[in-house]
There are 2 protein chains.
Amino acid sequence: MNSNPATTTPTSGAGATEVAPASSPTFSPLYQQIKALITQGLESGEWKPGEIIPSEVELAARYKVSQGTVRKAIDELAADNLLVRRQGKGTFVATHNEDRVQFRFLRLLPDDGDVHPHVSRLLECKRLRAPAEIARQLDLKPADPVVLIKRLLQFDGETTVFDEIWLPGAVFRGLTAERLAEYKGPLYAMFETEFGTRMIRATEKVRAIAADPSVAELLNVAEGFPLLSVERVSYTYGDRPVEVRRGWYVTTGYYYQNDLS
Amino acid sequence: MNSNPATTTPTSGAGATEVAPASSPTFSPLYQQIKALITQGLESGEWKPGEIIPSEVELAARYKVSQGTVRKAIDELAADNLLVRRQGKGTFVATHNEDRVQFRFLRLLPDDGDVHPHVSRLLECKRLRAPAEIARQLDLKPADPVVLIKRLLQFDGETTVFDEIWLPGAVFRGLTAERLAEYKGPLYAMFETEFGTRMIRATEKVRAIAADPSVAELLNVAEGFPLLSVERVSYTYGDRPVEVRRGWYVTTGYYYQNDLS
DNA sequence: CAGTGGTCTAGACCACGTG
DNA sequence: ACGTGGTCTAGACCACTGT
């Protein structure tokens, strides 16, 4: 269990009977090791999104640690949005499917606060060789195959967002315009259920830019109109980048919401 | 200690000897009550920003609970950035002064990733009666006194940000242009040390807009130039709003950073 | 009722920082 | 050497959800 350099033998540490925290350089707490083991189970597909994972008592037995240690590991994984606790029921693998919190990755809200469902209009879905910049961001070799998706989002009938989405071709083998068109629900839900790739976190760079002619036409605004430019890189398990997304947002009647805390 | 409706008498609950969790409607965990008590101490000024608070053992004794319960309360307060734990030293009240993480509230970063210190240029600081919209956001009565600060931020010599900052006059009594000019360091550090008001969290609404003539001149850009408009409302203890800030950002060579997790 | 996560306690030992 | 927070355990009971 304990993979620290100094300790492999159970000692009398911490009132424990099975394992003991190491007492030397590069000390790693037991619960972090458990956290890594559970993450491994998620990544390997042992427990799939939406499914329940073994109870705390079971995991404690499996890993030969106390329930409290498993609890702390799960606590952190839940804080990272990898797991979801439900009292009385169990602990579940987080999913983009039934989470009513799908707005974790879409920060554009209407000024009047109402909840308008949005509609996606697919423009294009093609495969090509990665441009240098995209390859760099996706951690691919230049000219590796990638998928490029272009789409519009309409909020309440108004065309508000234009997206260019770049995905590694190797991971998204078999992704076609047809399958995209068929699928109902959020893109990330599809990626998760159809391609086994779950988006964990993302970083965004936001800028104000002037609409160029092509984008202006798509979004029904004048050339030079101020748009929000949003460059997103999304990561999956192990902090591996698996999506680069460039969005152009019309922010009249809508705003990009952010909470600093 | 326990303020639940059903329980005031110590029972034999949870292996405890002093208190017990309630067993009825509107149940509130002990550690949350402790959390509230500690927050109260912060708000009342018993422990000031930068100071150390009593050790976990001391607090446990004071509140007649176990150290583990105090620990959980402090854990959450640390997660909320109200406290800072330092192993071997103690637990401290968070401060905007010596935190090297002052970029929690300034999300504008240069494209090249370098760390350019920014310089503030005060344009104006006057007192007036709150416009209706500002009064609403600050939870004041219309025409209540407010302070309005206008300033520019220069990054590496370039004028990049224009800010209009609205503060409740009652709280910021004695805030003048002179005192602002004197003070070195972040604005929030000054608010904290000089006016006893600590900013805890904020929400921002970001939009792309065209520069109007007056702002264009201040920022050295053409009229109509795309700017990032950032509307911030900041809150202090008890989620009371104490600042409304409107910022205009030039995002050429800079971007607004956001992390979705 | 049994099983799950949630709370609480008590006590041990470890790692860190400072005398 | 001592005090601080950090980790780990063991065991009890509570709250919630299903059978």
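Lettering follows sequence order; numbering is per chain, from 1. Predicted, not measured: the structure shown is a model, and the values here were computed from it.
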Enquirer: Bend angle of the helix from C:dC1-D:dG18 to C:dT18-D:dA1 from five-pair axes at both ends, rounded to 10°?
Expert: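 Inter-axis angle at the termini of the helix from C:dC1-D:dG18 to C:dT18-D:dA1: 10°.
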Enquirer: Go through the structure and list residues passing ring-ring contact (aromatic ring centres under 6.0 Å, His included) with B:Phe155, not counting sequence neighbours.
Expert: B:His118, B:Tyr254
Enquirer: Of all residues at least two apart in sequence or in a different chain, which pass the salt bridge (charged side-chain N to carboxylate O under 4.0 Å, His left out) check with B:Asp112?
Expert: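 So B:Asp112 forms no salt bridge (charged side-chain N to carboxylate O under 4.0 Å, His left out) with any residue.
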Enquirer: Would you list the protein and nucleotides 16-19 of chain C atom pairs, both N or O, that sit under 3.5 Å from each other?
Expert:
unit_1 : atom_1 : unit_2  : atom_2 : d
C:dC16 : O4'    : B:Gln87 : OE1    : 3.1

Enquirer: Does B:Glu43 pair with B:Lys48 as a salt bridge, N-O distance under 4.0 Å?
Expert: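 So B:Glu43 does not pair with B:Lys48 through a salt bridge.
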Enquirer: Can you name the side chain to side chain donor-acceptor pair (under 3.5 Å) partners of A:Arg151, sequence neighbours left out?
Expert: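 Here the qualifying residues are A:Asp163.
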Enquirer: Quick one, which residues of residues 52-60 of chain A touch DNA chain C with a heavy atom under 4.0 Å?
Expert: A:Ser55, A:Glu56
Enquirer: Which residues pass the side chain to side chain contact (heavy atoms under 4.5 Å, CB included) test with A:Val57, sequence neighbours left out?
Expert: A:Ser55, A:Gln67
Enquirer: Look at A:Arg86 and C:dG5 and indicate whether a side-chain polar atom (N or O) is within less than 4.0 Å of OP1 or OP2.
Expert: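 Answer is no, no contact under 4.0 Å.
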Enquirer: Can you list everything that forms a side chain to side chain contact (heavy atoms under 4.5 Å, CB included) with A:Asp80? Sequence neighbours excluded, please.
Expert: A:Lys35, A:Leu82
Enquirer: Are A:Ser66 and D:dA10 close enough that a side-chain N or O sits under 4.0 Å from OP1 or OP2?
Expert: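 It does not, given that no N or O in the side chain of A:Ser66 lies less than 4.0 Å from OP1 or OP2 of D:dA10.
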Enquirer: Between C:dT9, D:dT9, D:dG5, which nucleotide gets closest to the side-chain atoms of B:Thr69?
Expert: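 Per side-chain heavy atoms of B:Thr69, the pick is C:dT9.
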Enquirer: Please list, by residue number, the residues of residues 70-80 of chain B whose heavy atoms come closer than 4.0 Å to an atom of DNA chain D; answer none if no residue qualifies.
Expert: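 Result for residues 70-80 of chain B: B:Arg71, sorted by number.
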Enquirer: With B:Glu56, which residues qualify under salt bridge (charged side-chain N to carboxylate O under 4.0 Å, His left out), at least two apart?
Expert: B:Arg71, B:Arg85
Enquirer: How would you list, by chain and number, every residue that makes a salt bridge (charged side-chain N to carboxylate O under 4.0 Å, His left out) with A:Asp111, sequence neighbours excluded?
Expert: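 Scan of A:Asp111 (salt bridge (charged side-chain N to carboxylate O under 4.0 Å, His left out), adjacent residues dropped) gives B:Arg207.
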Enquirer: Run the salt bridge (charged side-chain N to carboxylate O under 4.0 Å, His left out) test against A:Glu51 and tell me which residues pass, sequence neighbours left out.
Expert: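 By the salt bridge (charged side-chain N to carboxylate O under 4.0 Å, His left out) rule, A:Glu51 matches no residue at all.
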Enquirer: Quick one: does NZ or CZ of B:Arg86 land under 6.0 Å from the six-membered ring centre of B:Phe92, within 45 degrees of the ring axis?
Expert: yes
